[in-house]
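The structure appears right after this line, and notes come after that.
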Amino acid sequence: MSQQTDASTPKRQSYDVVVVGGAMIGSSIAWFLTDNADFDGSVLVIERDPTYEFTSTSHTNSCMRQQFSNEINIRMSQFAADFVKNFRAYMGGDERVPEVPLQSYGYMYLADNEAFAGILRENQKLQENCGAGTKFLTRDQIAQAYPFYYLDDIVGANHNLIDEGYFDGNTLFDWWKRSARERGVEYVTGEVVAMTRNGAGDRVQSVTLGSGQVISCGTVVNASGPRAARTAAMAGIALPVEPRKRYTYIFDAEKPLDRDLPLTIDPSGVHMRSDGAYYLCGCPPDDDPGVDYDDFTEDFSLWENKVWPVLATRIPQFEAIKLVNSWVGHYAFNTLDQNAILGPHTEVANFLFANGFSGHGFQQSPAVGRGIAELIAHGEFRALDLSPFAYRRIEANEPFIEKAVI
Ligand SMILES: Cc1cc2nc3c(=O)[nH]c(=O)nc-3n(C[C@H](O)[C@H](O)[C@H](O)COP(=O)(O)OP(=O)(O)OC[C@H]3O[C@@H](n4cnc5c(N)ncnc54)[C@H](O)[C@@H]3O)c2cc1C
């Protein structure tokens with residue numbers, strides 16, 4: 001990841017758009033604003049930690065799938081696949097922009113009971129109708145294609161080998177930042193610590209940095225990841241987003257598999273996939289509370305007691321493996337429905353959310369950047385209608401359920 005040193009003092013006292021958080025989502029929004037022909041305003045991105053060390057973005061598993069139960073989530077990932085595959089063209093044909101790999105070894109979503117297999121079949125129909133390549137596989141079909149799985153407890157699975165798997169999102173992130181800066185977006189290092197609203201209470205007037213500097217804003221965008229609720233609270237807004245730990249492990253196998261391991265979602269909640277010469281796996285903890293923003297302590301018993309036994313059972317060849325790396329990251333977990341929250345607050349109209357992505361924000365970043373830029377430039381979503389993610393469902397306590405949550 002590039003680490004350009006940014007100033008800590010904004011050049012101006014007022015910006016058309018202030019983005020709080022400059023990681024994957026904030027940088028996507030900033031870049032798409034510069035790419036929108038109908039927007040020529042000023043943009044300031046404020047980032048508290050330019051090393052991005054503790055962000056969701058740095059801890060991601062970088063997977064992309066079309067296996068969702070909601071059409072809009074499928075469409076967002078389809079745009080991500082298109083964006084990745086045509087990255088240079090999207091970046092204006094800039095010769096410096098590299099090709100971005102997309103490993104389409106697919107997700108293998110396993111079902112160990114008929115009820116869940118029924119949900120997978122329903123999802124498969126929807127995904128197929130959206131143009132996705134998902135197929136429902138019987139146990140025998142899985143065994144034929146991937147003989148290394150233990151399948152006695154498995155009823156079937158959904159699998160898709162088109163535009164689904166793993167992608168190098170860090171290259172997108174790097175180029176969004178670099179190109180946004182070149183096109184005039186200002187990034188500063190600093191923490192937003194407060195906001196003021198106007199007399200009527202229907203707009204955020206300014207944000208205050210930790211340095212004490214006050215910056216006026218036309219629009220403020222909350223792109224602050226797991227800290228989103230804290231940022232919203234500065235504007236007096238409640239947001240059901242909290243940091244939740246997710247564990248990732250990289251391991252080496254004494255006897256590597258003879259073909260790519262699809263991103264396999266085991267019924268236990270453990271997921272695993274090929275990762276170059278190694279393998280990557282992860283899972284939530286059994287007890288899954290919200291945690292402190294700075295709590296990244298590992299729980300090594302999870303590997304010993306849960307993850308390794310699941311790996312060795314599902315793929316007996318993984319009985320002899322060596323852990324080579326591990327980390328803890330935070331999901332920005334939307335406690336209402338684990339789906340994104342996008343667009344304006346219902347009363348504070350210039351406060352825009354880009355929050356609550358839980359485990360699928362990396363792949364949604366192109367669609368979110370484009371959509372929020374459209375909202376700012378045109379007052380509406382255009383390419384994809386992202387309004388199902390509106391904040392009003394939070395106020396109404398009406399979850400927008402996504403059945404395929406990982
Ligand atoms: C272990 C793990 C695995 C994942 N796997 C996948 C996956 O396979 N596929 C997928 O699509 N998604 C995945 N995700 C989710 C995805 O990584 C995130 O949704 C995405 O990276 C979110 O980006 P973000 O910019 O919203 O948040 P972040 O990356 O957390 O960035 C928020 C930024 O805001 C800054 N900030 C916060 N508060 C302030 C403030 N007050 N002032 C200034 N700056 C502030 C922070 O420093 C940070 O840089 C995974 C997440 C984790 C943790």
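Just follow the structure's listing: the first ligand is 1, and inside any ligand the first atom is 1. In this text the structure is predicted, and so the values were computed from the model without any measurement. Along the sequence shown, residues carry numbers from 1.
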Side chain to side chain contact (heavy atoms under 4.5 Å, CB included) partner of Asn158, chosen from Gln67, Met108, Arg121, Lys135 = Gln67
key: No-hydrogen, no-angle side-chain donor-acceptor test under 3.5 Å, Asn73 and Gln364   = yes
message = Counting non-hydrogen protein atoms only, what is the nearest one to atom 27 (O) of ligand 1? Give residue, atom name and distance.
response = Gly225 CA, 3.4 Å
key: For atom 37 (C) of ligand 1, closest protein heavy-atom neighbour   = Ser224 CB, 3.3 Å
inquiry  = Pairs of nitrogen or oxygen atoms closer than 3.5 Å, one from Ile25 and one from ligand 1: do any exist?
reply    = yes
Gly361 N/O under 3.5 Å from ligand 1 N/O = yes
task = Starting from atom 7 (C) of ligand 1, locate the nearest protein heavy atom and write down its residue, its atom name and how far away it is, to 0.1 Å.
result = Cys63 N, 3.5 Å
Heavy-atom nearest neighbour of atom 50 (C) of ligand 1 within options Thr55, Val45, Thr60, Val368 = Thr60
query = atom 40 (C) of ligand 1: which of Ile46, Val20, Ile29, Thr51 has the nearest heavy atom?
reply = Val20
remark   = Near Pro226 (heavy-atom distance under 4.0 Å), the atoms of ligand 1 are 30 (O)
remark   = The answer for which part of Ala332 has a heavy atom under 4.0 Å from ligand 1 is neither
ask   = Which of the numbered atoms in ligand 1 are below 4.0 angstrom from a heavy atom of Ser62?
value = 7 (C), 8 (O)
inquiry  = Heavy-atom contact check, 4.0 Å cutoff: does Ser27 meet ligand 1?
reply    = no
remark   = Here the gap from Asn339 atom CG to Ile401 atom CD1, rounded to the nearest 0.5 Å, amounts to 8.5 Å
task = Drop me the distance from Leu239's CG to His345's NE2, to the nearest 0.5 angstrom.
result = 9.0 Å
remark   = Rounding to 0.5 Å, atoms OH (Tyr166) and CG (Asp275) come to a distance of 6.0 Å
inquiry  = When you compare ligand 1 with Phe357, is there at least one nitrogen or oxygen pair between them that comes in under 3.5 angstrom?
reply    = no
request  = Please could you name the atoms of ligand 1 that His360 approaches to less than 4.0 Å, counting only its heavy atoms?
outcome  = 10 (C), 11 (O), 12 (N)
ask   = What's the spacing between Arg314 CZ and Ser268 OG if we round to 0.5 Å?
value = 7.5 Å
note = Looking only at protein heavy atoms, what sits closest to atom 1 (C) of ligand 1 is His59 O, 3.2 Å
key: Polar proximity ligand 1 side, Asn61 side, N/O cut 3.5 Å exclusive   = yes
query = Would you call the rings of Phe296 and His59 parallel, tilted or perpendicular if under 30° counts as parallel and over 60° as perpendicular?
reply = tilted
query = With a cut-off of under 6.0 Å to the ring centre and 45° to the axis, is Arg273 in cation-pi contact with Tyr279?
reply = no
note = atom 15 (C) of ligand 1: closest protein heavy atom, distance to 0.1 Å, is Ser358 O, 3.4 Å
task = Measure the shortest side-chain to side-chain distance between Glu347 and Asp202 over non-hydrogen atoms and say whether it is less than 4.5 angstrom.
result = no
query = Side chain, backbone, both or neither: which part of Tyr52 comes within less than 4.0 Å of ligand 1 when only heavy atoms are counted?
reply = side chain
NE2 on His330 to CZ on Arg227, rounded to 0.5 Å = 9.0 Å
message = I'd like to know whether ligand 1 has Gly190 as a neighbour, heavy-atom separation below 4.0 Å.
response = yes
ask   = With ring centroids as reference points, do Tyr278 and Phe251 lie under 6.0 angstrom apart?
value = no
ask   = Just going by heavy-atom distances, which of Val192, Leu209, Leu263 is nearest to atom 41 (N) of ligand 1?
value = Val192
ask   = When rounded to the nearest 0.5 angstrom, what distance separates CD1 in Ile237 from CE in Met195?
value = 8.0 Å
task = Go through ligand 1 atom by atom and flag the ones less than 4.0 Å from a non-hydrogen atom of Gly359.
result = 6 (C), 7 (C), 9 (N), 10 (C), 11 (O), 12 (N), 13 (C), 14 (N), 15 (C)
message = Quick check on contacts: which atoms of ligand 1 are under 4.0 angstrom from a heavy atom of Thr248?
response = 1 (C)
ask   = Given that the side chain starts at C-beta and the backbone is N, CA, C, O, which of these parts of Asn355 lies under 4.0 Å from ligand 1, counting heavy atoms, or is it both or neither?
value = neither
inquiry  = Using a 4.0 Å heavy-atom cut-off, which part of His330 comes near ligand 1: side chain, backbone, both, or neither?
reply    = backbone
task = Find out whether the Lys NZ or Arg CZ of Lys177 is both under 6.0 angstrom from the six-membered ring centre of Phe173 and within 45° of the ring's axis.
result = yes
query = Between Phe148 and Phe318, is the ring centre distance below 6.0 Å?
reply = no
message = Looking only at protein heavy atoms, which one is nearest to atom 22 (C) of ligand 1, and what is the separation?
response = Ser56 CB, 4.0 Å
task = Give the residue, atom name and distance (to 0.1 Å) of the protein heavy atom nearest atom 46 (C) of ligand 1.
result = Glu47 OE2, 3.4 Å
inquiry  = Parallel, tilted or perpendicular: which one describes the rings of Phe353 and Phe351, with boundaries at 30° and 60°?
reply    = perpendicular
message = Within ligand 1, which atoms have a heavy atom of Arg227 less than 4.0 Å away?
response = 37 (C), 38 (N)
request  = State which residue, out of Tyr146, Tyr105, Tyr149, Phe136, fulfils the ring-ring contact (aromatic ring centres under 6.0 Å, His included) condition with His159.
outcome  = Tyr146
request  = Check whether any side-chain heavy atom of Thr264 lies under 4.5 Å from a side-chain heavy atom of Tyr107, and answer yes or no.
outcome  = no
request  = Examine the proximity of ligand 1 to Arg48 and report which part, side chain or backbone, both or neither, has a heavy atom under 4.0 Å away.
outcome  = both
message = Checking contacts here: is it the side chain or the backbone of Ser58 that comes within 4.0 Å of ligand 1, counting heavy atoms only? Could be both or neither.
response = neither
request  = Go through ligand 1 atom by atom and flag the ones less than 4.0 Å from a non-hydrogen atom of Gly21.
outcome  = 33 (C), 34 (O), 35 (C), 44 (N)
key: Residues Glu242 and Arg244 bridged, charged N to O under 4.0 Å   = yes
request  = For ligand 1, find out whether one of its N or O atoms is nearer than 3.5 Å to an N or O atom of Gln363.
outcome  = yes
request  = Would you kindly specify which portion of Ala354 sits under 4.0 Å from ligand 1, judged on non-hydrogen atoms: side chain, backbone, both or neither?
outcome  = neither
request  = Mark up the atoms of ligand 1 that fall under 4.0 Å of a heavy atom belonging to Ala223, in ascending order.
outcome  = 32 (C), 33 (C), 34 (O)
ask   = Which protein heavy atom lies closest to atom 23 (O) of ligand 1, and at what distance to 0.1 Å?
value = Thr57 OG1, 3.3 Å
ask   = Less than 4.0 Å between a side-chain N and a carboxylate O, is that true for Asp288 and Arg246?
value = yes
